[in-house]
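Values reported hereafter were calculated over all heavy atoms of this structure, with side chains retained and with hydrogens, waters and symmetry mates removed. Bear in mind that the values here come from a model prediction, so they are computed numbers and not experimental data.
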Amino acid sequence: MEKAYILISLGAPENISADACRSFLREFLGDKHVLSLPFPLRQLLSAHIAKKRASQYAQNLETICGGSIGNHPSISAARSLAIQIQSITGVKTFSAFRYGAQNIPDAFRAAKKAGASSVKALPLYPQDAYSTTSSAFAEAASAAEEFGLGLEFNRSYFDNPEYISLIADSFRSQKAFRPDAAIVSFHSVPISHLKKTQYLQQCRATFESLKSEIGEGMRMELAWQSKMGKGDWLGPSAEECAKDLAAAGAKKVLVLCPGFSCDCTETLVEINIQLKTLFKELGGEDLQAVACLNDSPAHALMLARILERMP
């Protein structure tokens, strides 16, 4: 039976214009897994928020992409990882994005055209969140049915020993920074989503594994970032943790974002620019985000092993 691998990540607008960003945000926010509202209200609210945030979103993309969406780190890294995994395994491997261009149906169509009869899909989300993993699964299942392909879907790898080791190694590689404390920050989600997956438990398990691996007496705080809109979301926020650490006298802080496989707006802008600025304003000396695993060869090898071990 001929098989193919598909890596799934969030995606990005087609370009860095405000119009493209508005279209992308409207598609993203219009997903029932992201805004769990009745369809008419979800469409109205997604259009309103997308219009309001498009310009700032475009500015953030300009900061991390340097004018070309092809330089978006999570897009380029996903493509690079697919190429590397195909080289490692000999299995046709495609990158797919939940929103925007090169979407999940496109990847399944390409797999079918390449002669595959079944697909192993691996979302690049270590922890299983309703707004990301469940959304990707629903789209992948629909595409598999449309193209008559078998589907195996990996929902998480939050406790994979190799994943934990690679994250710990990335932290230790910054030892010359000599941090006083560390923040381990995951993407926040609405409290209402917690009944739908084991996201909170998995994030906490990843945090505890990392504490055990690299703690060594260092103060490490679990935090949540990227809250979107009103309502009850997971906390404390990364900002609150930074304020507490500054008040406690910490001068240098490293931030790990182990819920992000590849760097993106959330890590490069929210953490390494905005949170760094806040921490310095509070009297801290420096705050740095540890780079995500991105398209490192070690990351590609780890993902290839996960795919190969799937049933």
Side-chain angles (χ1 to χ4, degrees), residues 4-18 20-21 23-25 27-28 56-89 91-111 114 121-126 132-133 135-136 139-140 154 157 163 166-167 169-170 173 187 225-226 255-273 288-307:
Y5 296 154
I6 295 179
L7 304 179
I8 300 174
S9 54
L10 193 73
E14 292 187 5
N15 57 62
I16 304 178
S17 70
C21 289
S23 177
F24 175 80
L25 289 171
E27 180 185 7
F28 167 62
Q56 183 60 56
Y57 196 85
Q59 290 177 32
N60 289 341
L61 286 179
E62 180 71 35
T63 298
I64 67 174
C65 297
S68 172
I69 200 67
N71 295 328
H72 192 294
S74 62
I75 297 292
S76 59
R79 291 170 177 164
S80 174
L81 286 167
I83 292 170
Q84 292 184 68
I85 290 169
Q86 180 168 314
S87 177
I88 292 167
T89 64
V91 175
K92 287 283 188 181
T93 305
F94 304 88
S95 58
F97 306 104
R98 177 62 185 87
Y99 312 104
Q102 289 188 293
N103 58 29
I104 293 172
D106 287 344
F108 274 79
R109 183 181 295 107
L122 174 59
L124 296 180
Y125 311 125
T132 52
T133 310
S135 178
E139 192 75 356
N154 189 90
Y157 51 94
Y163 155 72
L166 289 177
I167 299 292
D169 286 346
S170 68
S173 71
H187 202 297
Q225 65 184 82
S226 310
V255 184
L256 278 169
C257 298
F260 299 85
S261 295
C262 303
D263 279 307
C264 54
T265 304
E266 286 85 348
T267 62
L268 297 175
V269 176
E270 290 184 14
I271 299 297
N272 220 25
I273 296 177
Q288 290 186 11
V290 178
C292 293
L293 298 178
N294 295 315
D295 62 344
S296 66
H299 190 202
L301 181 59
M302 181 203 82
L303 295 172
R305 287 172 174 159
I306 291 174
L307 284 160

Phe260 and Gln225, any side-chain heavy atoms less than 4.5 Å apart: yes
- prompt: Excluding sequence neighbours, so at least two apart, what forms salt bridge (Lys or Arg N to Asp or Glu O under 4.0 Å) with Glu139?
  reply: Arg98
query: Mind checking what makes ring-ring contact (aromatic ring centres under 6.0 Å, His included) contact with Phe28, not counting sequence neighbours?
result: Tyr99
message: If you count heavy atoms of other groups shown closer than 6.0 angstrom to CD of Gln288, is the number above 12?
response: yes
- request: Identify the two heavy atoms, one from Ser226 and one from Glu270, that lie closest to each other, and give their separation to 0.1 Å.
  value: OG-OE1, 2.6 Å
query: Where do Ile8 and Ile104 land on the side chain to side chain contact (heavy atoms under 4.5 Å, CB included) test, with the steps shown first?
result: CA-CA 7 Å; Ile8 300 174; Ile104 293 172; 3.8 Å; yes
message: Which residues pass the side chain to side chain contact (heavy atoms under 4.5 Å, CB included) test with Asn154, not counting sequence neighbours?
response: Leu122, Tyr157, Ile306, Met310
query: What pairs meet the side-chain hydrogen bond (donor to acceptor under 3.5 Å, both in side chains) rule with one or both residues in residues 72-83, with sequence neighbours excluded?
result: His72-Ser74, Arg79-Gln102, Ser80-Gln84, Ser80-Asp295
message: Just so I know, are the side chains of Leu301 and Ile88 near enough to count as touching, which here means a heavy-atom distance under 4.5 Å?
response: yes
query: Nearest heavy-atom pair of Pro258 and Pro126: which atoms, and what distance?
result: O-CG, 3.5 Å
Taking every non-hydrogen atom, the tightest pair across Ile64 and Cys264: CD1-C, 4.1 Å
message: Applying ring-ring contact (aromatic ring centres under 6.0 Å, His included), can you list everything that pairs with Phe97, at least two apart in sequence or on another chain?
response: none
Side chain to side chain donor-acceptor pair (under 3.5 Å) partners for Ser17, two or more places apart: Asn15
- line: By ring-ring contact (aromatic ring centres under 6.0 Å, His included), Phe24 pairs with (sequence neighbours left out) none
message: With side chain to side chain contact (heavy atoms under 4.5 Å, CB included) as the criterion, how do Leu303 and Leu124 come out once you've worked through the C-alpha distance, each side chain's angles and the decisive distance to 0.1 Å?
response: CA-CA 9 Å; Leu303 295 172; Leu124 296 180; 3.8 Å; yes
- prompt: Which heavy-atom pair separates Ile16 from Ser68 by the least distance, and what is that distance?
  reply: CD1-N, 3.6 Å
- prompt: Any sub-3.5 Å donor-acceptor pair from Glu27's side-chain atoms to Gly100's backbone N or O?
  reply: yes
- prompt: Which is it for Thr63 and Leu268 under the side chain to side chain contact (heavy atoms under 4.5 Å, CB included) test, yes or no, and what are the steps along the way?
  reply: CA-CA 9 Å; Thr63 298; Leu268 297 175; over 6 Å; no
- request: Kindly write out the residues that satisfy side chain to side chain contact (heavy atoms under 4.5 Å, CB included) with Ile83, not counting sequence neighbours, or none if the list is empty.
  value: none
query: Roughly how far apart are His187 NE2 and Leu10 CG, rounded to 0.5 Å?
result: 8.5 Å
- prompt: Can you name the closest pair of heavy atoms from Cys257 and Ile271 and give their distance?
  reply: SG-CG1, 4.1 Å
statement: Residue set satisfying side chain to side chain donor-acceptor pair (under 3.5 Å) with Asp263, at least two apart, ordered chain then number -> Thr267, Asn294
statement: Tyr5 meets the ring-ring contact (aromatic ring centres under 6.0 Å, His included) criterion, sequence neighbours left out, with none
- request: Check whether any side-chain heavy atom of Pro13 lies under 4.5 Å from a side-chain heavy atom of Ser23, and answer yes or no.
  value: no
Partner set under side chain to side chain contact (heavy atoms under 4.5 Å, CB included) for Gln56, not counting sequence neighbours: Gln59, Asn60
- prompt: Does Ala110 have any side chain to side chain contact (heavy atoms under 4.5 Å, CB included) partners at least two apart in sequence or in another chain, and if so, which?
  reply: Phe94
- request: Could you please spell out the steps behind the side chain to side chain contact (heavy atoms under 4.5 Å, CB included) verdict for Leu256 and Ser170?
  value: CA-CA 9 Å; Leu256 278 169; Ser170 68; 4.1 Å; yes
task: Taking the side chain as every heavy atom from C-beta outward, state whether Cys262 and Leu81 have any pair of such atoms under 4.5 Å apart.
output: yes
task: State the OG-CE distance between Ser261 and Met302, to the nearest 0.5 angstrom.
output: 6.5 Å
query: Between Ala289 and Asn272, which heavy-atom pair has the shortest distance, and what is it?
result: N-OD1, 2.9 Å
